[in-house]
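Below is one structure; the comments refer to it alone.
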Amino acid sequence: MPLNKFRNIGIAAHIDAGKTTVSERILFYTGINRKMGEVHDGQATMDFMKQEQERGITIASAAISCFWKGYQVNLIDTPGHVDFTVEVERSLRVIDGMIAVFCAVGGVEPQSETVWNQADRYKVPRIGFINKMDRTGADFSEVITQMNHNLDANAIPFHIPIGVEEDFQGIIDIIERRAFGFTDHERIEIPIPEEYQERCNDARNFLIEKLADYDDDLMNMFLDDQDISTEMLKKVARDATLKLMITPVFCGAAYKNKGVQLLLDAVIDYLPSPIDKGAVVGTDVDNPEKAHTRCPSMKDPFSALAFKLINDPYVGQQTFIRIYSGKLVNGMPIMNTTKGKPERIGRIMRIHAKDREEIHEAGPGDIVALIGMKITKTGDTLCDPDHPICLENIQIPPAVIELKVMPPSQKEQQKMGEALKKLANEDPSFNVRVDDETNETIIAGMGELHLEIIVDRMKHEFGVEVEVGEPAVAYRETIQHEVESAYKHSKQTGGRGQFANTVMRIEPNTGNGFEFVDKIKGGVIPIEYIPSVQKGILKTLGAGIIAGFPIVDVKVVLLDGSYHPVDSSDMAFQTCASICFKNGFLKAAPILLEPVMRIEVNTPDDYIGEIVGNLNRRRGRIESMRRHRKGAQKVNGFVPLQEMFGYSTTLRNMSSGRANYSMEFYQYMPVPPSLQEEILEKIRKAKAKP
């Protein structure tokens, strides 16, 4: 199939806007499904995980290939819950265009803004689909106003709804000047109702006036009052969409099968093909300053990005990749340049959600799953070994919440370890560590729901029933002052001894992570032991010092030291550096950092005072309050995660269930001194318990 006939698209939005229902209708109308799956009865094709079906929400982004009017559409459905934001992140990294779904009643909700900002970062062209037009309170124009006000979307209506709420009957396509009604599964062309004629003409003139800003020929024709063809309008609208200048907006009611075929037409008309996206830019493997490009062509060397791993009970690990250039053939040797090691393809699969079809080759624009990959993880670049390139990786947010998990018996320990390893492989925002002092296994993730799903998957997919502790905040440790520290490590135990001596300066390095600078002169520490010093410090960073939390934002400058020609060794310098760093760290006014969340609360006006007061009591800082829609307001601010456990229940009680909120990680900030002492005391008591 020619490359201009490919569309790699994602569907993203706030939770409950109807993304998965839109996906199900797309699969039905493109012939992939004979019947429509529904979210509410757990039968959605795209939500094939047990946990998704039980909760009626999307957790893992599912990839599926379908066809519409001679075009191949690779569709990725993404979660709307902020705990699974990494799923959206990695999907946006590999798609070419996006359908942003909005609820006609809820409008632009918190997660809509998060997803929109992520799409901005990856420069993904998008179209808007205002869903649930048949719901009480639906307001097409208000949602477009919110898109322009809150998202700076330059949203332009390409549809006019015929009727609204329970009277929503059909849709007028403004560019084509055609109206459509809908039976159970069909769209039927109908005459534009008399009462909508003038509105349709006004809307078309408004659309032409807007598009004329992006094309001189169209501007001249508009000023000369000439009739402008549908083809010309579509071409100019497509160009402006691809350049992120406008967002065409369409409408419908996916659950009632209204407007989905028109949305599919819009995907073909306005969203980019791999050719429109053009060459992907990567860097030289040996010199990150040097750029390389790969064009979406079979003639260019093979390059692809791994963006997702799934453990399938039937075929083992599936590695999802997006191919940017060249040809991938079964069994061919490829290079993982991120790891610097070769990989070999076992089988290539085209995925239809939980079903799969084996294929023997794939080319540019394809999104396929590979079976048999050994070392490839999310964000790794795969390419032709003779033409290496590194593509931009995927941003992974830090884990902010932790849980202790214990196997029911000692013999289950290994089984639990294997399950956690597989889950951490799949999900880069989930990680596992073992507390050296207590030997407890601690899992960390993006939120309470995220870890709840992980525990649930361990039980149902891996047969491991774990005991779970209370959720706890993932603090970090850092310092406030600069200090110099010296330590001489000398042990004589008969035979060869241990000797190392280091002098280092430890400085705060706010916002820049860990940095190590070697300023040794005259070989007072031999060059082969410098990495040992760094290794010793790195081990200590991971284990923490004042409370066992990872240490961040410190700079270590190695100034001086000495060695012994016989007794010095790699291990001696690792041990010496670790103790030297610990001693200095404790003198440098160490503090705890806590994750602070960006919060957005949507609430009716009646409850605004109580909600703001409650956030203030939770150490929150209100940034802004603005009108969300008639009779409702949006409160934006920042609150420490520690204060937010159980907030959903409190908010529900305060607002009689009418307010909702969204929360995402903002940054780590210092814990107030009085609270720090309380936290450290709690940790000391917990560790003292037998």
Just checking [X]: does its [atom1] atom have more than 12 heavy atoms from other residues, nucleotides or ligands closer to it than 6.0 angstrom?
X    : atom1 : answer
K256 : NZ    : no
N117 : CG    : yes
Q226 : CD    : yes

Applying ring pair (Phe, Tyr, Trp, His ring centres under 6.0 Å) as the test, list every pair that has at least one member in residues 123-154; sequence neighbours left out.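 For residues 123-154, and leaving out neighbouring residues, there are no ring pair (Phe, Tyr, Trp, His ring centres under 6.0 Å) pairs at all.
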Just grab all the ring pair (Phe, Tyr, Trp, His ring centres under 6.0 Å) pairs involving residues 152-181, residues at least two apart or on different chains.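 Listed by first then second residue: F158-F250, F158-Y270, H159-F250.
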Any donor-acceptor pair under 3.5 Å linking the side chain of [X] with the backbone of [Y]?
X    : Y    : result
R204 : I174 : yes
D300 : C295 : yes
T338 : T381 : yes
D134 : E165 : no
N330 : H360 : no
S325 : R294 : no
R178 : E189 : no
R25  : A254 : yes
Q146 : V108 : yes
E343 : L382 : no

Considering non-hydrogen atoms only, spot the tightest contact between [X] and [Y] and give its length.
X    : Y    : result
V329 : I348 : C-CD1, 4.0 Å
G18  : V101 : C-CG1, 4.5 Å
P157 : F206 : CD-CE2, 4.4 Å
A237 : I246 : O-CD1, 3.8 Å
I367 : N8   : CD1-OD1, 3.7 Å
P248 : R126 : CD-O, 3.8 Å

Answer yes or no: is there a side-chain heavy-atom contact under 4.5 Å between [X] and [Y]?
X    : Y    : value
L211 : F222 : no
M98  : P125 : no
I11  : I26  : yes
T247 : W116 : yes
T378 : F320 : no
N74  : I95  : no
I334 : N336 : no

Enter the distance from Q197:CD to I172:CD1 here, rounded to the nearest 0.5 Å.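 It comes to 8.0 Å.
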Interatomic spacing from NZ in K5 to CD1 in I268 - rounded to 0.5 Å: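 If I round to the nearest 0.5 Å, the distance is 8.5 Å.
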Listing request: all salt bridge (Lys or Arg N to Asp or Glu O under 4.0 Å) pairs with a residue in residues 222-242, at least two apart in sequence or in separate chains.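 Only E176-K234, R177-D227, K234-D269, K235-D239, R238-D276 qualify under salt bridge (Lys or Arg N to Asp or Glu O under 4.0 Å).
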Any salt bridge (Lys or Arg N to Asp or Glu O under 4.0 Å) involving residues 93-103? Give me the pairs, sequence neighbours left out, ordered by first then second residue.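 Matches after skipping sequence neighbours: D96-R322.
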So, using salt bridge (Lys or Arg N to Asp or Glu O under 4.0 Å) as the criterion, who are the partners of D215 when residues are at least two apart?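 Scan of D215 (salt bridge (Lys or Arg N to Asp or Glu O under 4.0 Å), adjacent residues dropped) gives none.
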Under 3.5 Å side-chain donor-acceptor pair for W68 and D265: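 Result is yes, a qualifying pair exists.
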Would you tell me whether D167 and Q169 have side-chain atoms, one donor and one acceptor, within less than 3.5 Å of each other?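 Per modelled atom types, D167 and Q169 side chains form no pair under 3.5 Å.
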Let me know which of I9, V249, I99 forms a side-chain contact (heavy atoms from CB on, under 4.5 Å) with I127.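 Result for side-chain contact (heavy atoms from CB on, under 4.5 Å) with I127: I99.
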Which residues share a side chain to side chain contact (heavy atoms under 4.5 Å, CB included) with V164, sequence neighbours left out: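 For V164 the side chain to side chain contact (heavy atoms under 4.5 Å, CB included) partners, ignoring immediate neighbours, are M133, A138.
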